[in-house]
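Any value given below was found using the heavy atoms of this structure, including those in side chains, with hydrogens, waters and symmetry copies removed. We count ligands from 1, going down the list as the structure has it; atoms in each ligand are counted the same way.
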Amino acid sequence: MARIVMKFGGTSVGDVDRIRNVARRVKAEVDAGNEVAVVVSAMSGETNRLVGFCDSMTNMYDAREYDAVVATGEQVTIGLLAIALQDIGVEARSWMGWQIPIHTDEAHGKARILSIDTTVLEQRLASGQVAVVAGFQGLGPNNRVTTLGRGGSDTSAVALAAALKADRCDIYTDVDGVYTTDPRIVPKARKLDRITYEEMLEQASLGAKVLQTRSVEMAMKHRVRVRVLSSFSDAPGTLVCDEDEIVEKELVSGIAYSRDEAKITLVKVSDRPGVAARIFGPLSDANINVDMIVQNVSEDGHSTDLTFTLPRSDLARALKVLEGARDDINYRELTTSSAVVKVSVIGVGMRSHAGVAQTMFRALSEKGINIHVISTSEIKVSVLIAEEYMELAVRALHSAYGLDAA
Ligand code: ASP
Ligand code: MG
């Protein structure tokens, strides 16, 4: 007997028939003798609809009331799934976040889970009852409903798996696993049998939307074995696990890309201590996340050019901040571009092998693609390139690292 947490996303519970299909999958695990807790999202499109109501009411709403509205989507699906389970003879009960409770901080709209009290759930599971738990929801310190940010049901599921010490957390979605890259761009992309937490974390934070980034952080911290699989097929999916569990490690396991990029260059800023702090301080105060940074060596010893990247959606705000601080920073000119994308190669194999970056640079140069900015981490090399070359670059890199399916 195992204890498992199963999570179903919005498309998997998109209508009544699909909820019946989910119930059958849950029943199969129960019939196999497992203790099962199920976490569900709202029906696909529902959370967007609810957010839309808030947006059309006013653009300055109280985040506590936003949470009161958007948390309702999951209440519907837990009730319906419990009914569907009971209808096929499976004992089941629905649970809202506050009923468990799942305690969070008070950051309404993007709350973090602090602790989960599993006392009652444990008793119910032991008695053979399936717990159907609302994803995305929590209970804040002031006794109000909170939500965990978009895509947050993944985090609910992993957190619950950690708290219940589940043997695994199966995340059912509309893709059948984690791929070497986006199959819409590279038809020869391959599904991975296994991927490490670290690689998955890079993929998630670089914009691959399979799992919410926080859920991967949580899985890595608590060593929860997560399986990503499709609720529409019986394919085995991808296991997100520890590096030791992967026997045949690939040098590079994935090529990721992000279109949400913009670039700012400050021309001729003075080259003296404290200048970087004066530039990036106000940006971080404005909650703007700067990603890649390059500063040239100054030729004249007095001034230098500084280029950095940020989310495209923050560009307008960043320009305001920098123009406001112009006298303090002291730059001659400011140029921007939002016609740029970031392409990254990811792989834990990089830690122990040289030449990974070189393969990337050669593959891009063979296609005549110019690199604007480069950044590296222990398991990732990223480049910023012109937007029109994105697909070409991703395909070229996928081949260059031998990732193409036969
Ligand atoms: N329903 C929420 C959303 O659409 C949470 C989730 O589905 O993970 O963001
Ligand atoms: Mg999701």
Ion pair check, E46 and R49, cut-off under 4.0 Å: yes

G9 touching ligand 1 at heavy-atom level, < 4.0 angstrom: no

Closest approach of any protein heavy atom to atom 6 (C) of ligand 1, naming residue and atom: S153 OG, 3.3 Å

Side-chain donor-acceptor pair present, D67, T146, cut-off under 3.5 Å: no

Sub-4.0 Å heavy-atom contact, G10 with ligand 1: no

Name of the residue among R3, R124, Q129 meeting side chain to side chain donor-acceptor pair (under 3.5 Å) with E35: R3

Where ligand 1 meets T47 - atom numbers and elements under 4.0 angstrom, heavy-atom basis: 1 (N), 2 (C), 3 (C), 4 (O)

Residues K221 and E217 bridged, charged N to O under 4.0 Å: no

Nearest-neighbour protein heavy atom for atom 9 (O) of ligand 1, which is reported as residue plus atom name and distance: R150 NE, 2.7 Å

Atom CZ of R278: over 12 foreign heavy atoms under 6.0 Å: yes

E74 near ligand 1 by a heavy-atom separation under 4.0 Å: yes

Distance-only N or O hit between ligand 1 and D154, under 3.5 Å: no

No-hydrogen, no-angle side-chain donor-acceptor test under 3.5 Å, S215 and Q212: no

Any N or O of K7 closer than 3.5 Å to N or O of ligand 1: no

Which residue and heavy atom of the protein sit nearest atom 7 (O) of ligand 1, plus the separation: S41 OG, 2.9 Å

Under 3.5 Å: N/O of F136 near N/O of ligand 1: no

Mutual orientation of the aromatic rings belonging to Y66 and Y61 [parallel < 30°, tilted 30-60°, perpendicular > 60°]: parallel

